[in-house]
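Data block below; observations after.
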Amino acid sequence: MSSEEAREKLGVAYERQQRRYAEAGIRWNSELSGRLLAVHAKLASDAEALLTGMYSRLGLSYRAHDRILKLSRTIADLEDCDAVRLEHVAEAVQYRALDRQTTGYEPGAIRQMQAAGDGGEPESSSRGDGIAADRKAAVN
């Protein structure tokens, strides 16, 4: 994607958020909380099931859960979607998993589970512990 295309995509997402929150007293998805979060980041049952499963597998806090919802809403806005769909939640959870050292959850693992349709453990990867461990090692 070129810089111009990225700028245009961000502009569309910005305008979408401005319209959505015009009457709510907020400007950005990051400001969502409580009832507004429940209304504007409402998930379909399949997306909710994925997030619930990841909530227990990754040991997420309520705060992390809400951050994933806000990020999912932003990803949907960047794709110019009214609804927060399964793929938006999967992408947001993957970003969260990259921030943590979690055995077996390297990039693509959640999409592998989604594609398998069983919600079980991800398929093994030849990349070892994944990028999260590599990033952590590089920092230390």
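Side-chain atoms are counted along with the backbone in the values below, which use heavy atoms only and exclude waters and symmetry mates. One-based numbering along the sequence shown.
- Separating the OG atom in Ser2 from the CD atom in Glu8 is a distance of 9.0 Å, to the nearest 0.5 Å.
- For Arg67, the CZ atom sits in a loose shell: 12 or fewer heavy atoms of surrounding residues, nucleotides or ligands are nearer than 6.0 Å.
- Surrounding CD of Gln18 are more than 12 heavy atoms belonging to other residues, nucleotides or ligands, all under 6.0 Å away.
- Taking a cutoff of 4.0 Å between a charged side-chain nitrogen and a carboxylate oxygen, Lys9 and Asp80 do not qualify as a salt bridge.
- When each of Leu58, Leu71, Leu60 is checked for a side chain to side chain contact (heavy atoms under 4.5 Å, CB included) with Val93, only Leu58 meets the rule.
- For the pair Glu31 (side chain) and Trp28 (backbone), a donor-acceptor distance under 3.5 Å is present.
- Taking 4.5 Å as the limit, every side-chain heavy atom of Arg27 sits out of range of all side-chain heavy atoms of Gln17.
- Put simply, CD on Glu48 and CG on Leu86 are 11.5 Å apart, with the number rounded to the nearest 0.5 Å.
- Shortest non-hydrogen contact noted between Lys70 and Ser30 is NZ-O, 3.3 Å.
- A distance of 8.5 Å separates CG of Leu50 from CZ of Arg57, quoted to the nearest 0.5 Å.
- Side-chain contact between Leu32 and Asp66 is absent, with no heavy-atom pair separated by less than 4.5 Å.
- Look at Arg73 and Asp77 and you find a salt bridge, because one of the NZ, NE, NH1 or NH2 atoms lies within 4.0 Å of a carboxylate O, short of that distance.
- A donor and an acceptor atom, one from each side chain of Asn29 and Tyr21, are located under 3.5 Å apart.
- When atom types are taken as modelled, the side chain of Glu91 and the backbone of Ser72 share no donor-acceptor pair closer than 3.5 angstrom.
- Between Leu78 and Leu10 the shortest side-chain heavy-atom distance falls below 4.5 Å.
- Looking at Asp46 and Arg85, no side-chain N of the basic residue comes within less than 4.0 Å of a carboxylate O on the acidic one, giving no salt bridge.
- Using a 4.5 Å heavy-atom cutoff, the side chains of Lys42 and Val84 are not in contact.
- Considering every non-hydrogen atom in both Ser56 and Gly53, the closest pair reads OG-O, 3.1 Å.
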